[in-house]
There are 2 protein chains.
Amino acid sequence: MLDPVSRVRRFNRAVTSAVGALDTSFLGRGRPLGAARVLNAIGHGRSDVAEIRDYLGLDSGLMSRLLRNLEDEGLVETNAHEDDARRRVATLTRAGRREFAAYEALSNTQAEGFLAQHSQREALLAAMDMIASALTRERVTLDEMDPRSEEARYCLGEYYAELGRRFEQGFDVSLSRDPDAKDMRRPRGTFIVAISDTLPIGCVGLKGTDHGYAEIKRLWAAPAARGLRLGRRLMDAAEDAARGLGIKLLRLDTNSALAEAGQLYRRSGWSEIPRFNDDPYPDLFFEKHL
Amino acid sequence: MLDPVSRVRRFNRAVTSAVGALDTSFLGRGRPLGAARVLNAIGHGRSDVAEIRDYLGLDSGLMSRLLRNLEDEGLVETNAHEDDARRRVATLTRAGRREFAAYEALSNTQAEGFLAQHSQREALLAAMDMIASALTRERVTLDEMDPRSEEARYCLGEYYAELGRRFEQGFDVSLSRDPDAKDMRRPRGTFIVAISDTLPIGCVGLKGTDHGYAEIKRLWAAPAARGLRLGRRLMDAAEDAARGLGIKLLRLDTNSALAEAGQLYRRSGWSEIPRFNDDPYPDLFFEKHL
DNA sequence: CGCCATCTCTGACTAAAGTCAGAGATATGC
DNA sequence: GCATATCTCTGACTTTAGTCAGAGATGGCG
């Protein structure tokens, strides 16, 4: 009945009218949409005026006026930037935080209402995650982070859970050779997290060793991010980091149950080698000269 | 990391900015968005001015002016309605059709571009279908249609395909008692299709018999529509139609592999009865007095 | 036919968004 | 230290969207 393009366009129509409804609901607080958007951007932690302008795609004149209105309402204060007095930094006043909280409550109620009328929540949420990731694809950032950071630990948790589902015998971290966090910090290695609009959707670790090579560990892409070629991007970033650290040889181990991963390695210049450790889980071993 | 509400809101953010981009791309043709929307509504077959106004949520004055602009551009012609000279009917001129085609091409290119950058098309499309159905939930219409109509045949095809996947031994329509189309037309019975923005997403047949009861057949809800309680709505509509036809007793057969269906029947007043036909596929039989 | 309802159109507004040029303050590089 | 770039702000617009009241034409119905 419907070809792929028509399906995308049906989605676009549905979403366009939903976004319209969402926007008009923000008008209920007696403030034009532009001002409400600026207030919310500040509330969500964007303080640098130029950054907000950029994020919302506003002209500098318009932005300035919207800020002025919010100041007149007593919701926002602006000050010069600490390091650069040309820039301005906006913060919410007490009243501004109250007003922002009201918008937040509105948004939350709406989201809850949408979920409540659906009886297959998890499937719906997974679909939303997938689409959100696909739509924000170009804005995914790959950030080096501490392997003990909240984001990194979240990724690792999801990664272990996935291994548990994919391996017939399950997966128990304590049996695996859990890399020491300090081996995945500079200068020995690094840990990279892919972030899509505050949500971690993938990671990879570069673990330094004392054996003349570094290892790639914990390559993971969230189910919602499959299809975005995130694995490839993460591997490229890890290899770049390795080159930057002067590393000449990389190794990794994996399991043949993770077919996509194996394919990715083979396609990007890795070659299979004999087992080089005694970890019980992996059954495939690769290396790559940089 | 993320609770359900945050996930919905992440989706909202992603989609809001995507819709913004989509809208502004329509501005490329030198026409304000309002006029472009009217042109496209006409191009998509909405000709009655009041209907367009209603669909786009426009004030009558605004609508009138937008139409006038399109007429001045030579893209649209309006005439009195055949049966009611107060109403106006808008049609595209030759130039209007060209312009509409340009907008269509733009939309299609965008949709294709979005799909092209993703390597898991079918999963992505399924997610979009699901969300589009959830968002347009209140606008789903249940229409009585001929069981030989294109929409009905599409639904039945999907239904059979699903049975093929769900039954261990597969499903072959020719072995099943394929109901005669005329038994699912008034006055013997009916066939109801659920339509969400032109896409059929579910169906149910009411099949008249000469044995003192009618049968419910072919209850189907598209995978993308699961969770919308569409099965319940379709059954209610079928029962209402049966009552309208003076039918006092309904029967149906189903298979225990279709667990949700069985649950639905039990929860809505149906009681299990012994086998009443020799169809090889069903293993569960129900009836309900109206 | 007359009355009232319905539909479209016009005039006269307002509000919001967006544009553009230039001024003033501050940073940066040579 | 000076020229140049960057950032914000103001004034002076324009465009788009939307609102409201009322006029004019037509339809439905007793």
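Sequence lines set the chain letters: A, B, ... in the order given, protein chains first and strands last, and positions in each chain run from 1. All of these numbers come straight from a predicted model, not from anything done at the bench.
- A cation-pi contact links A:Arg46 to A:Tyr55, judged by a cut-off of 6.0 Å to the six-membered ring centre and 45° from its axis.
- Here D:dT15 presents its P atom at 14 Å from CG of B:Leu27, a figure rounded to the nearest Å.
- Using bins of under 30°, 30° to 60° and over 60° for the plane-to-plane angle, the ring pair B:Phe11/A:Phe11 lands in the perpendicular bin.
- The existence of a salt bridge linking A:Arg139 and A:Asp197 is excluded, since no basic side-chain nitrogen approaches an acidic carboxylate oxygen closer than 4.0 Å.
- The aromatic rings of A:Phe100 and A:His44 lie perpendicular to each other, with more than 60° between the two planes, well past the 30° mark.
- Proximity of residues 57-87 of chain B to DNA chain C (heavy atom under 4.0 angstrom from any strand atom) is restricted to B:Ser60, B:Gly61, B:Ser64, B:Arg65, B:Arg68, B:Arg86, B:Arg87.
- Counting to the nearest Å, the P atom of C:dA27 and the CZ atom of A:Arg88 are 12 Å from each other.
- As a whole-Å value, the separation of A:Ile52 CD1 from D:dT8 C1' is 13 Å.
- Counting to the nearest Å, the P atom of D:dT6 and the CG atom of A:Asp54 are 15 Å from each other.
- Within the nucleic acid shown, A:Arg31 has no heavy atom closer than 4.0 Å to any nucleic acid atom.
- Computed from coordinates, the B:Leu33 CG to D:dA17 C1' distance equals 11 Å when rounded to whole Å.
- Ion pairing between A:Glu104 and B:Arg9 holds under the 4.0 Å rule for side-chain N and carboxylate O.
- Salt bridge annotation for B:Asp236-B:Arg233: absent, with no cationic side-chain nitrogen under 4.0 angstrom from a carboxylate oxygen.
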